[in-house]
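First up is the structure itself, then whatever we jot down about it.
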Amino acid sequence: MRVEIYLFIYLFQDDISVLLVEKEELLHDIISGNQPIFFCEKAVSQFCDGPHIMLSTQMKNYFYSLSLTRQLLSWYTMAHNPNMPWVEAPGTLHPLWVRCDKSDPCATVWLGVETVYSGNKTSGVKLYTVSCKGSRDETSFTTLDELKKEHEKRHHPSTVATKGYAQYNLFCSLKEESMMFESQSSVIASLTWNNVEKVLECPPLSSKASLNIKVTVGDIRSPLYQTYREMEFLLALAEGLRTGETEWLEPVETQSAVDLTRALIEELENVAQGVPGHTAKASEKQKAKTDATAAFSSVVIERGDLDFTEQLWERMRKSVTSYQDITECLKIVVKAVKLGKIKPWIHKDSNSTLSKLILQSYQQQIDAMPLAGLTPANMLLELGLDKIRKDFINYLVGKELTTLNYLSYYLDTEVDLQEQVIRVRKLHHLLEILGTCSTFLISCPFQKLYLNQTNHVFQLQIKPALISYFYEKEQPFSWAMEVSSGQGSKEVKTTLYLSDKPLVDHVSFDLDVPLDESVNGESERMSYYRTMVSCSLISFT
């Protein structure tokens, strides 16, 4: 939340407003540290019966010329200078940052100043200059030697150190990310290393690396998207039973739920009667479906051992649009079971009401089944919970990621249906995380995950060698090199940032090179926005 505050040195300026904001809110990752900053912008004056009121505007074009910005920073510097006792700041002030209009030859977009301390006393200030230019290919970038010379011209150090930063999106290629669609999920590899040798160099295996992982349930690129659609229907059905108002999903199938149910019954009758070719045809259809799923995703949740109730759930969830549909479908099934037309195979550990009815039919002892009110909808919800639980067990236990004992809480069928849905949904969140990160989590140390947070971003430390195969083939969406000298509060840096998007949002840029331009007609290269951050240290002693 922004808090408007006024510094004594600006009170005589009617068009200046100073806001206290979080640093990342405006400066993103340009300047390290997380302390709040004062942000200066133009204000609109209003008069009323009371005292003069200053209202800050949020218009992006309200920034100052470079000369006035330097004047504001000079006042801030004088207020902290102990050698100028007639100008005194009211206590310690946060760093001050002022937007610029990029109209000077260096394309300056920010000027900033912060105090430097020696013990508890102010010993000087650091002045920052941020310039940003449009997108270009790497042939026009500042070289490492040029960046070192820029740093040495300002600070005259005896020695300098260099450091590199790079970020890669491992969830998809840059071309897919920028030209197909924006994904809400991401797996970002962040690497840092010392002793940079050239611009856009690939991080060495000695780098420090981490994966910043964000998983959004329902992302269309997720390898578990089809499982999400299945969960979506289950949750809609459960919510309808809880509240009395159901928002039915758009049916996937063109045939009605009743027709699909009748077709399933007929298939079972044909199998029972030994109709030639029927079993083979069904097997081919199932194989084609499995192959298509495997081609789409590396995380295959579907099983080849679906029993009758699971096949019924699959058909109904893709076609049901009303409670009447559910009732009619289950009436057809119950009638076929009672008349002995079908004796379908059921998993022995199935827990649904319909499964128990079918098991009773094996001994020809069938209880009465009144399909009225919400009973059919509850029966369908049971079918879905039964099927999805088995899917999750098959994957998690089959991949040796856990044991049934650890899953007992999520698989408990003694609690009411609504609680069962909540617990299965938590398992789904876990699977979404595993599905998104399956390639990268194989050799990672164990981390505790918050399964009830569908948009949680978490970080894993990882050895670069485990992911080098992926990032070596990609172009980074963000890359930076830093030249530094000095130590502690007197450390100064000169940094070049290359990014696929501008690091400032208050000025516009012209694209110098199209995003998909090829270099020498070979492969597409990323064009980057160039942001330079320079620092000057001014000592008061």
Side-chain angles (χ1 to χ4, degrees), residues 21-35 37-40 63 66 69-70 72-73 76-77 94-116 124-136 138 140-157 160-167 190 192-194 196 199-200 476-487 489-507 509 528-538:
V21 302
E22 295 299 323
K23 181 175 292 185
E24 62 271 16
E25 190 175 335
L26 293 174
L27 297 176
H28 306 292
D29 295 323
I30 297 176
I31 302 297
S32 61
N34 55 10
Q35 63 173 316
I37 63 171
F38 285 134
F39 159 54
C40 189
F63 33 76
L66 194 59
T69 300
R70 285 173 174 162
L72 296 175
L73 268 59
Y76 180 99
T77 302
H94 294 291
L96 174 67
W97 284 83
V98 187
R99 282 174 173 162
C100 302
D101 56 12
K102 198 173 74 76
S103 60
D104 63 301
C106 294
T108 304
V109 291
W110 284 101
L111 285 181
V113 58
E114 67 178 3
T115 52
V116 176
V125 296
K126 287 181 181 178
L127 297 176
Y128 294 94
T129 302
V130 180
S131 59
C132 191
K133 296 184 179 180
S135 180
R136 288 193 177 182
E138 60 185 271
S140 60
F141 294 157
T142 301
T143 65
L144 177 59
D145 286 340
E146 290 172 339
L147 193 68
K148 286 182 177 179
K149 288 179 181 177
E150 176 67 23
H151 184 84
E152 291 167 354
K153 182 174 65 175
R154 288 174 175 267
H155 308 293
H156 309 288
V160 297
T162 59
K163 193 171 186 178
Y165 305 85
Q167 287 188 308
S190 298
T192 62
W193 67 99
N194 296 320
V196 179
V199 175
L200 282 178
F477 69 86
S478 177
W479 193 95
M481 60 180 177
E482 169 189 292
V483 178
S484 63
S485 60
Q487 293 182 344
S489 62
K490 293 186 178 182
E491 183 184 37
V492 286
K493 303 175 182 178
T494 305
T495 310
L496 173 68
Y497 293 91
L498 305 176
S499 55
D500 63 341
K501 297 177 182 178
L503 296 184
V504 293
D505 55 10
H506 63 276
V507 291
F509 298 90
Y528 293 98
Y529 292 90
R530 298 159 294 156
T531 304
M532 177 84 78
V533 181
S534 303
C535 172
S536 297
L537 178 62
I538 299 176

> Do Thr108 side-chain atoms and Trp110 backbone N/O form a donor-acceptor pair below 3.5 Å?
Replying inline: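 No; judged by distance alone, with no hydrogens or angles, the pair does not exist.
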> Hey, is the main chain of Glu491 close enough, under 3.5 Å, to the side chain of Lys126 for a donor-acceptor pair?
Replying inline: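 Yes; judged by distance alone, with no hydrogens or angles, the pair exists.
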> Pick from Val98, Leu96, Val21: which one makes a side chain to side chain contact (heavy atoms under 4.5 Å, CB included) with Phe38?
Replying inline: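 Only one option passes, and that is Leu96.
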Do the non-hydrogen side-chain atoms of [X] and [Y] ever get within less than 4.5 Å of each other?
X      : Y      : value
Ser131 : Met532 : yes
Leu498 : Arg530 : yes
Val113 : Pro95  : no
Leu147 : Met481 : yes
Ser478 : Asp500 : no
Phe477 : Tyr528 : no
Val116 : Leu537 : yes

Measure the [atom1]-[atom2] distance between [X] and [Y] for me, rounded to the nearest 0.5 Å.
X      : Y      : atom1 : atom2 : value
Lys163 : Glu482 : NZ    : CD    : 6.5 Å
Tyr76  : His94  : OH    : NE2   : 9.0 Å
Leu111 : Leu66  : CG    : CG    : 5.5 Å
Leu503 : Cys132 : CG    : SG    : 6.0 Å
Ser485 : Lys490 : OG    : NZ    : 12.5 Å
Leu73  : Trp97  : CG    : CH2   : 9.0 Å

>> So which atom in Lys501 and which in Tyr529 form the shortest heavy-atom distance, rounded to 0.1 Å?
In response: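 Reported closest heavy-atom pair: C-CD1, 3.6 Å.
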> Closest heavy-atom contact between Thr142 and Leu496?
Replying inline: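 What the structure gives for the nearest pair is O-CD2, 3.8 Å.
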>> Tell me which one of Thr494, Thr162, Thr495 satisfies side-chain hydrogen bond (donor to acceptor under 3.5 Å, both in side chains) with His151.
In response: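 Only one of Thr494, Thr162, Thr495 forms a side-chain hydrogen bond (donor to acceptor under 3.5 Å, both in side chains) with His151, namely Thr494.
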>> Taking salt bridge (Lys or Arg N to Asp or Glu O under 4.0 Å) as the definition, give me every residue that meets it alongside Arg154, ordered by chain and number, with sequence neighbours left out.
In response: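 Result, salt bridge (Lys or Arg N to Asp or Glu O under 4.0 Å) vs Arg154: Glu150.
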>> Can you confirm whether or not the ring centre of Trp479 sits under 6.0 Å from the ring centre of Tyr497?
In response: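 No, the ring centres sit 6.0 Å or more apart.
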>> What verdict does the side-chain hydrogen bond (donor to acceptor under 3.5 Å, both in side chains) test give for Asp145 and Thr143, after you've listed the backbone C-alpha separation in whole Å, the side-chain angles of each residue and the deciding distance to 0.1 Å?
In response: CA-CA 5 Å; Asp145 286 340; Thr143 65; 5.4 Å; no
> Who are the ring-ring contact (aromatic ring centres under 6.0 Å, His included) partners of Tyr165, not counting sequence neighbours?
Replying inline: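 ring-ring contact (aromatic ring centres under 6.0 Å, His included) check on Tyr165 returns nothing, list empty.
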